[in-house]
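Down below is the structure, laid out as structure tokens.
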Amino acid sequence: MLSRLFGCFILQLNRIRLFAGLPLDVVSGGTVNQFRAISAGLKALKLLGLEGVELPIWWGVVEHESMGKYNWSGYLTIAEMVRKAGLKLNVTLCFHASSQPKIPLPEWVLDIGKTKSNIFFKDRAGKPYRGCLSLAVDELAVLNGKTPMEVYQDFCESFKSAFSAFIGSTITGITMGLGPDGELRYPSHRGFAKSGTVPGAGEFQCYDKNMLHLLKQHAEACGKPKWGLGGPHNAPAYSELPTANTFFKDHGGSWESPYGDFFLSWYSSQLIAHGDRLLSLASSVFSDSAVNIFGKVPLMHSWHGTRSHPSELTAGFYNTATRKGYEEVAEMFARNSCKIILPGMDQSDKYQLKESLSSPESLLAEIGTACNKHGVGISGQNSTVGAPDGLKQIKKNMLSENLNDSFIFQRIGAQFFAPEHFPLFIEFVRKLNQPELYSGNLPTKEGTTTTTDSVHTRSNLSIHVQSA
Amino acid sequence: MATLAIGSLLQNPRLSSPRGQKLLLNLKPLHSLDLDCSPHRKLLCSRGACFSNSNPCGKFHIVKASSTDTAPIDTFSSADILYEQTFPVNRIEKVEGKLLIRLDQSKEQLNWRLTIGCSLSGKWILHWGVSYVGDTGSEWDQPPKDMWPHGSIPIKDYAIETPFKKPSKDDTFHEVKIDFNPSSAIEAIHFILKDEETGASYQHKGRDFRVSLVNYLEDDGNMIHTKRSFGKWPDAVEQLPNMVLKAEASCDSKNENRRLEGFYEEQPIVKEVSVGNMVNVAIRKFPDAANIVLHLETDIPGDVVVHWGVCRDDAKTWEISAVPYPPETTVFRNKALRTLLQPTGNGSRALFTLDEKLDGFLFVLKLDANSWVNFQGNDFYIPLSSARSVKGQSDSESEETSGKAHTDGIINEIRNLVSGLNSEKSLQTKVKEAKESILNEIEKLAAEAYSIFRSSTPSYPEEDSDADDAEPTINISSGTGSGFEILCQGFNWESNKSGRWYMELKEKASEISSLGFTVIWLPPPTESVSPEGYLPKDLYNLNSRYGTIDELKDLVKSLHGVGLKVLGDVVLNHRCAHYQNQNGVWNIFGGRLNWDDRAVVGDDPHFQGRGNKSSGDNFHAAPNIDHSQDFVRKDLIEWLCWLREEIGYDGWRLDFVRGFWGGYVKDYLDASEPYFAVGEYWDSLSYTYGEMDHNQDAHRQRIVDWINATNGTAGAFDVTTKGILHSALERREYWRLSDQKGKPPGVVGWWPSRAVTFIENHDTGSTQGHWRFPGGKEMQGYAYILTHPGTPAVFYDHIVSHHRSEIGALISLRNRNKIHCRSIVEIVKAERDVYAATIDDRVAMKIGPGYYEPPSGPQRWSLALEGYDYKVWEASS
């Protein structure tokens with residue numbers, strides 16, 4: 001009863017807990033940037049009824065100078081501020097780099113990369129991607145005698161002991177960084193596509209020495225050594241349309257050939273194996289802590305309307321008109337008892353460029369179905385680039401089955417609090433609460449039962465929210 | 001039991017403790033009410049004030065009596081004072097007095113005299129002006145010099161201020177005498193009263209007092225009735241000769257039908273005086289008694305009822321205490337108790353016997369049917385638990401946490417509300433209020449966060465931004481900003497009163513910026529003869545009634561820090577002299593610009609300047625500067641450049657530009673290269689038979705001519721639009737908002753990029769109210785100017801009023817839809833009771849009570865904002 005009455009102001013009982021992401025560069029060096037703004041912002045969010053905030057913790061900030069030397073101080077300050085504000089914290093461990101604002105990988109890692117560029121993913125032209133390590137080196141001792149997996153593990157252990165006072169109380173969720181932008185994918189698109197232009201198909205990233213080595217081994221094991229010499233020769237380049245070459249052709253494209261199946265199976269299974277390694281690492285490190293572990297899966301929605309789904313294929317998801325590729329992904333998350341974060345919940349089909357045959361909504365539904373089937377919880381995010389009518393779309397998703405754990409709104413900053421945006425956000429939050437708000441004003445017996453129901457049942461949630 | 005002991009305690013509660021001197025240390029002497037006043041002054045009522053002064057009284061002075069003291073054995077020593085606190089409370093008391101207005105013929109039989117007297121004490125000032133026969137509109141003129149009583153100060157060119165004087169030293173009675181010649185063409189004398197001590201001004205039924213000097217004028221509401229009764233002039237004033245009932249002003253043949261009648265009239269006047277009182281609460285505990293005794297005493301005069309309750313937890317939920325109750329106690333709606341305090345010599349008091357297990361004692365004071373006294377907006381709360389275990393209230397909390405404390409307070413409030421809901425069902429209004437205050441708090445915090453993020457974050461250019469954000473390419477000419485400017489007038493007529501306006505405004509900087517303003521106009525910075533700054537003396541002395549030069553620099557820096565451009569208000573038309581010439585006329589200047597009388601225009605006999613004829617209208621209150629002199633222009637240019645560099649001003653608001661040729665302004669602006677400049681070219685609109693003409697082309701032409709003369713280097717306030725809005729809104733003549741060509745009828749219709757639209761400023765509104773925007777219609781005015789082209793300016797008073805959030809919403813709508821000074825407006829409807837327009841095909845708006853909905857065409861319209869008699873829509877695709 002009490003918490004239900006809180007519902008007048010606080011989202012608490014709405015089944016979806018709402019978070020907002022802190023600025024990417026909230027900590028640099030060991031200090032908190034814009035301390036006062038963050039502190040005012042936290043209070044505002046608390047009053048608005050948010051559950052908590054998401055805090056990106058960067059490998060490149062904490063373990064900046066040398067391996068094993070961690071500086072958690074700025075992030076500890078934030079955790080304390082969040083605790084004081086009475087909010088929860090979802091921490092994202094970022095083992096990748098950010099281009100804007102510029103937060104590179106640790107200096108010592110980049111130094112190693114200068115001589116051994118094969119610790120990075122490479123494209124067909126041999127250009128390395130310095131935003132994260134190649135998944136092919138996960139278990140190779142390339143970092144001063146340690147494997148990246150060992151380094152990630154040490155990082156997690158250090159985090160766990162530094163934040164032991166917060167984990168399970170203030171910190172309720174930990175998101176494991178899985179690749180570029182933290183997402184489980186290959187860096188198949190480099191840089192952002194200009195808005196208003198049709199995004200290309202992306203490129204396969206299997207050209208660093210170690211990936212090629214794995215591919216070769218795999219091909220030989222399959223008895224097709226010739227298939228292990230490189231990636232598909234007829235795939236288009238990053239910004240080229242899928243139709244620019246024959247690999248992704250809707251009918252008769254190489255993707256449907258035995259070679260295509262061989263390559264794509266291998267390519268995607270490597271990615272899933274990488275995700276599995278990291279998530280099981282996180283699960284075991286935090287197994288005794290009362291936290292949820294999350295991993296982020298990208299929403300590669302352009303070209304979803306074609307049969308071959310080129311964007312998904314190059315990113316590492318073997319999901320086509322004829323193959324349900326997200327089943328394996330969801331199954332991997334379920335195996336590790338992890339939840340999935342899905343970005344792009346603000347994207348709606350009607351604002352997509354027609355030419356890109358893009359459909360964020362149907363892709364979201366597809367992934368959602370796979371997750372539901374395997375009982376994987378879904379947390380939503382909006383895309384960083386924003387979308388017209390984004391808040392409306394988010395609300396729609398929050399009331400649907402595409403989302404059943406939490407939503408993380410990205411991201412606090414000048415834009416977020418700007419007079420053009422913040423009132424809309426307030427409105428958005430209040431509207432989410434609307435059903436609660438009315439029942440809060442008119443306490444009735446039925447209201448109480450309904451609310452309890454909506455906490456426990458999951459199957460027909462949306463109906464409850466609307467009727468409450 | 002305990003009640004027994006109370007009897008004796010009651011005898012002399014203040015001295016009841018043998019260690020009284022120590023224990024009552026923090027008891028302030030009682031302020032007795034200053035009731036010493038004139039016979040006309042009486043206490044009208046005392047309305048409760050729900051605030052205390054800034055005196056921090058949150059600290060609990062807990063005095064612990066040490067039990068090892070060898071106190072003499074008597075009845076009282078066994079009762080320890082566990083807690084004691086004195087709360088200062090401020091009440092607003094209304095003191096009623098009289099305003100006496102008498103018109104009679106003076107002894108010389110020729111001149112007439114208007115005597116205005118006031119029976120209340122205070123530093124009274126008469127702010128007044130005149131209107132002439134044939135004048136239309138509601139603007140004042142400055143009275144002719146020969147009418148000025150001694151000590152008068154000119155206020156711009158339309159009013160003067162005359163201090164009230166006491167006829168004799170011991171009087172509390174004040175008066176001003178104005179002598180005038182009835183043959184002059186003066187139609188009426190207009191005035192308002194100001195109290196310099198409190199900064200308050202007094203009007204008549206919300207408008208100026210008006211004494212009509214011609215008797216055929218229609219009474220339009222604010223005229224003081226010329227009763228023919230003789231009041232008795234108070235004894236304090238010298239005996240005046242009997243007045244003539246009807247005196248023919250028999251001097252001018254052409255004014256044959258002007259007859260002046262003497263009259264005497266009294267108007268009640270009520271002054272609000274803040275009175276400091278106190279409430280003292282002490283808790284005593286008798287050994288072996290299960291109860292504690294709370295002693296409450298106050299020096300508030302009259303019947304005081306304590307509305308009280310007790311609580312058992314931190315949530316401060318009111319409960320009714322168990323018996324016994326003090327005498328004269330009633331139960332109020334089963335929720336609280338009401339006890340009438342028993343009178344003492346200079347106040348009243350009561351004793352409450354309470355269970356010591358209770359957590360707190362809550363109360364408010366009720367003075368009469370609807371006056372309440374509470375503590376800083378909350379109930380008085382006396383922690384009884386702290387009486388049990390003495391907990392010191394930490395007062396070492398740093399400044400950093402004070403904001404947090406406030407937020408925590410709100411969170412607590414929510415908590416209280418929730419528990420309150422459990423016990424009571426009909427708290428919907430309270431829920432609503434709490435929600436409002438939470439929202440306000442959220443907005444405040446967000447604004448703070450925004451301003452810091454915005455000013456300190458390196459901008460995050462989206463990599464794809466260049467494609468989207470390509471703004472319409474606009475030629476930025478000097479002095480007119482980016483075209484997307486929204487101006488905030490950062491002061492009003494009273495801002496000089498505190499002496500620290502710069503500091504006060506600095507605190508508001510981020511708030512103003514977060515409302516979406518881009519430019520702020522600061523008050524005139526120079527040393528000035530009048531406190532408001534419009535009679536500058538030494539131009540290089542920037543210590544003014546608004547603050548010091550250093551505070552000004554600091555303010556400008558802060559404003560820049562939050563992204564605001566800053567306009568300095570520069571008075572170039574006139575300047576007050578330091579010295580008299582050989583004829584005793586003030587026209588020799590001092591300070592760094594020590595000009596002589598060649599710098600003063602030659603055609604104003606009052607100041608005997610030796611310069612050329614003025615290139616514009618004369619401002620009569622001070623020597624008008626002759627801008628045709630090279631040395632004057634050179635010095636002014638140097639000064640402006642110095643202001644730009646030294647203070648950091650980004651541009652100018654040019655005062656009274658009617659006074660000199662716009663071509664000189666061009667020189668000044670070319671040299672000082674402002675980012676934005678706007679001139680005040682204010683003259684009267686055209687009226688025919690008292691009714692404003694539909695066609696105000698002549699009026700706007702004069703403003704446009706001036707802009708032209710400046711070569712378009714400056715914009716001008718769109719006085720025309722304001723005037724037309726007045727008529728349109730006040731008289732429901734919305735058709736006026738379209739000119740013959742279907743364009744906006746103001747300057748904005750002709751030269752939008754140079755029109756600075758506004759509805760109010762420090763002269764037209766504020767406490768001067770020379771040409772106040774129709775009351776209650778302000779938001780319609782803003783819905784118009786903030787959606788239309790031109791550069792809108794918002795008056796300070798409005799952004800600190802209840803209009804604030806609506807204005808903020810309009811501004812963000814303007815910014816969101818990228819409406820700029822050249823946006824295209826298409827008038828859809830201009831009828832008797834409704835005006836509607838679309839702007840840039842992105843925004844549709846209507847004002848007026850009539851019906852309008854935008855048609856569904858290529859755009860889909862969704863209602864974005866709505867208020868009293870206005871609506872604004874946005875196109876959704």
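Just the heavy atoms: all of them, side chains too, but no hydrogens, waters or symmetry mates, feed the values below. So that the names make sense, note that chain A is the first sequence line, chain B the second, and so on, each numbered from 1.
Counting heavy atoms of neighbouring residues, nucleotides and ligands inside a 6.0 Å radius, atom NZ of A:Lys396 does not exceed 12 of them.
Applying the side chain to side chain contact (heavy atoms under 4.5 Å, CB included) test between B:Ile442 and each of A:Val429, A:Leu47, A:Leu45 identifies A:Leu47 as the sole match.
In this structure, A:Lys127 has no salt bridge (Lys or Arg N to Asp or Glu O under 4.0 Å) partners at least two apart in sequence or on a different chain.
Between chain A and the options B:Gly516, B:Ala446, B:Ser812, the largest number of non-hydrogen pairs under 4.5 Å is found for B:Ala446. When A:Gly41, A:Gly413, A:Gly86 are compared by the number of non-hydrogen pairs under 4.5 Å with chain B, A:Gly413 comes out ahead.
Looking only at side-chain heavy atoms (C-beta outward), A:Phe417 and B:Leu445 stay at 4.5 Å or farther from each other.
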